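For reference, positions follow the sequence shown, starting with 1. The structure displayed is predicted, hence computed values, not measured ones.
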Amino acid sequence: MKEIPFVMPLLPSIDAYKEQIQDIWSNRYLTNCGPKVQLFEQKIKEYLHIDNAACFVNGHLSLDCAIKALQLKGEVITTPFTFVSTIQALVTNQITPVFCDINPYDFTIDTDQIEELITENTTAILAVHVFGYPCNGEKLKEIADKYHLKLLFDGAHAFGAETEGRALLDQGDISMVSFHATKIFHSIEGGALIFKDADLLHKFRAIHNFGYDNGNVNCCGTNAKMNEFSAVMGLLNLDLVDEEIANRKRVADQYRELLGDIPGIDFQKPSKKLSRENNAYFPILIDEKTYGVDAGALYQLLFGNGIVSRRYFYPACNEMDFLKELGIDPGNTPVAARISRNILCLPIYGSLSTADIKHICTQIRRR
């Protein structure tokens, strides 16, 4: 039986990669913010049309360094409908996540519920652009400014997405993006921070290298440096990502056409129109009563037919055992609980063939 994987990482030709890493053998510069990483940071800024970017070894430690640089503490309001890394970055920095429910349309944080969660201990809001679709950035900024809070975005899925011609990542005090191999754009492993205050770069450089600053250790840092080999992969994939995004649109359009008339199957509906979607993921929402089976059963059915899907994000983060053990209040988030139980992400990548898309949709229709 042919397997249809969930993801198919974007790769340049091996000859192009070999050519670009020749410099590494010449200069013996492997890590510690080498010339390839610096060039990669510059090219990211040019691609996204933003002023400041810093690269890291992965998205998780990018967010960790952002939290450390802003010296966040106390409580941070965030969403339970995200990959667990978002929450773990807070908890490992001794910050209590306060969970706000999501809206049922685009699955992003419900800005109408945030203010009632703010206390004297709140220091920031950490929102997530879920599956590459935007939060209500304007309302979030209004709330953050009103209560003098920092505003961070987990934009792990958001590379290449634009709203009103502007990079979705160009919002808030800091936005994080992941360059993991499973993402629409990757550097094998990697991540970056996009930020407004240029002075933060100096802090990031110290924090991501054990706190070293001009020979002294002036803060408690970590090891989060991107290496030169990852930077080369990122540089080469920058030349391919626009075509990948265009091809993913074809896949997403075919899914919507072939699945749109099935009772009990619904799609994510962004509340704010994107001028450029990246189709980083393709989630479907399943109404068990109408469709006939639940998301778990459909996952198993597809897997039995060689189709790999993912239940992103199930369970919701505030239902996970590690937070119960820490005594963190799960809050009241019924929409997030319902969405997490009923969502299933289908395979999507630029090279996914029409024949495979039809096969996937046929299995979903048969259930």
Side-chain angles (χ1 to χ4, degrees), residues 1-8 79-84 99 101-110 128 130-133 157 182 184 248-271 277-321 330-367:
M1 180 190 299
K2 174 186 176 182
E3 180 178 283
I4 301 176
F6 179 64
V7 294
M8 187 72 72
T79 168
F81 192 70
T82 181
F83 186 57
V84 68
F99 293 104
D101 211 353
I102 62 176
N103 71 65
Y105 308 107
D106 62 11
F107 318 147
T108 64
I109 195 166
D110 187 343
V128 178
V130 179
F131 304 135
Y133 284 132
H157 308 159
T182 58
I184 188 168
R248 283 176 178 241
K249 182 180 185 305
R250 169 190 60 83
V251 175
D253 287 347
Q254 287 182 317
Y255 272 141
R256 291 189 183 97
E257 179 183 353
L258 294 170
L259 299 175
D261 66 339
I262 300 177
I265 297 289
D266 204 357
F267 307 123
Q268 186 180 18
K269 298 179 177 67
S271 53
E277 295 184 25
N278 67 2
N279 292 296
Y281 292 83
F282 194 87
I284 58 174
L285 197 61
I286 299 160
D287 182 338
E288 179 184 355
K289 291 182 179 179
T290 306
Y291 179 64
V293 300
D294 64 14
L298 181 57
Y299 168 85
Q300 292 295 341
L301 183 150
L302 293 177
F303 189 77
N305 284 276
I307 301 161
V308 182
S309 58
R310 288 286 183 267
R311 297 188 69 185
Y312 289 154
F313 298 103
Y314 174 78
C317 287
N318 57 346
E319 297 177 344
M320 292 182 174
D321 288 342
N332 183 25
T333 58
V335 177
R338 176 174 62 84
I339 298 296
S340 70
R341 285 194 302 268
N342 296 313
I343 200 159
L344 190 68
C345 289
L346 303 181
I348 185 167
Y349 36 91
S351 60
L352 188 63
S353 69
T354 296
D356 284 345
I357 295 167
K358 288 181 177 178
H359 174 62
I360 294 166
C361 295
T362 296
Q363 300 309 313
I364 293 173
R365 191 172 291 276
R366 287 176 179 169
R367 57 185 176 284

Q) Got a second to check how far Ile307's CD1 is from Gln363's CD, nearest 0.5 Å? A) 5.0 Å

Q: Output yes when a side-chain donor or acceptor of Arg341 lies under 3.5 Å from a complementary backbone atom of Asp294, and no otherwise.
A: no

Q) Between the side chain of Asn103 and the main-chain N/O of Tyr105, is any donor-acceptor distance below 3.5 Å? A) yes

Q. So, do Ile265 and Ile286 sit near enough that their side-chain heavy atoms are less than 4.5 Å apart?
A. yes

Q.
What's the separation between atom OG1 in Thr290 and atom CD1 in Ile262, rounded to the nearest 0.5 Å?
A. 12.5 Å

(Q) Closer than 3.5 angstrom, by distance alone: can the side chain of Asp101 be matched with the main-chain N or O of Ala336 as a donor-acceptor pair? (A) yes

Q) Under 6.0 Å from the CZ atom of Phe83, do we count more than 12 heavy atoms belonging to anything else shown? A) no

Q.
Looking at every non-hydrogen atom in both residues, tell me the closest pair between Ala280 and Ile348 and how far apart they are.
A. O-CG2, 3.9 Å

Q) Hey, does the side chain of Asn279 reach the backbone of Phe282 with a donor-acceptor pair shorter than 3.5 angstrom? A) no

Q. With side chains defined as the heavy atoms from C-beta onward, is the minimum distance between Thr354 and Gln254 less than 4.5 Å?
A. yes

Q.
To the nearest 0.5 Å, what is the distance between CZ on Phe107 and OG on Ser340?
A. 11.0 Å

Q | Contact check, side chains of Ile284 and Phe267, non-hydrogen atoms, under 4.5 Å | A | yes

**Q.** Closest contact, heavy atoms only, Leu346 versus Phe6
**A.** O-CE1, 3.4 Å

(Q) Rounded at 0.5 Å granularity, tell me how far CD1 in Ile343 sits from CD in Gln268. (A) 6.5 Å

**Q.** Within 45° cone and under 6.0 Å: Arg311 NZ/CZ vs Tyr299 ring
**A.** no

Q: Determine whether Asp266 and Asp287 make a side-chain contact, defined as any pair of heavy atoms from C-beta on separated by less than 4.5 Å.
A: no

Q. Between the main-chain N or O of Pro283 and the side-chain N or O of Tyr312, is there a donor-acceptor pair closer than 3.5 Å?
A. no

**Q.** From OH (Tyr291) to CG (Leu285), nearest 0.5 Å
**A.** 12.5 Å

**Q.** Heavy-atom pair with the smallest gap, counting every atom of Arg310 and Val308
**A.** NH1-CG1, 3.1 Å

Q | CD1 on Ile4 to CG on Asp356, rounded to 0.5 Å | A | 4.0 Å

(Q) Within the structure provided, determine whether Ile360 and Leu258 are in side-chain contact (heavy-atom separation under 4.5 Å). (A) no

Q: Look at the rings of Phe81 and Phe313 and say which category their plane angle falls in: under 30° parallel, 30 to 60° tilted, over 60° perpendicular.
A: perpendicular

Q. Does the side chain of Met320 come within less than 4.5 Å of Pro315's, by heavy atoms?
A. yes

**Q.** Shortest non-hydrogen contact from Pro270 toward Asp106
**A.** CA-CB, 3.7 Å

Q: Take atom NZ of Lys269 as the centre, draw a 6.0 Å sphere, and report whether it contains more than 12 heavy atoms from other residues, nucleotides or ligands.
A: yes

Q. At their closest point, which heavy atom of Leu344 faces which heavy atom of Ala295, and how far apart are they?
A. CD1-O, 4.3 Å

(Q) What I'd like to find out is whether the side chain of Tyr255 reaches to under 4.5 Å of the side chain of Ile364, using heavy atoms alone. (A) no

Q. Mind checking whether Phe131 and His157 have parallel, tilted or perpendicular rings, split at 30° and 60°?
A. parallel

Q) Quick one: do Asp261 and Arg365 make a salt bridge, cutoff under 4.0 Å? A) yes

Q. Are the side chain of Arg248 and the backbone of Asn278 linked by a donor-acceptor contact shorter than 3.5 Å?
A. no

**Q.** Matching residue for Ile102 among Thr79, Asp110, Val128, Thr333 - test: side-chain contact (heavy atoms from CB on, under 4.5 Å)
**A.** Thr79

Q. Side-chain contact, heavy-atom cut-off 4.5 Å: Pro104 with Arg338?
A. yes

**Q.** SB check Arg250 Asp253 (cutoff 4.0 Å)
**A.** no

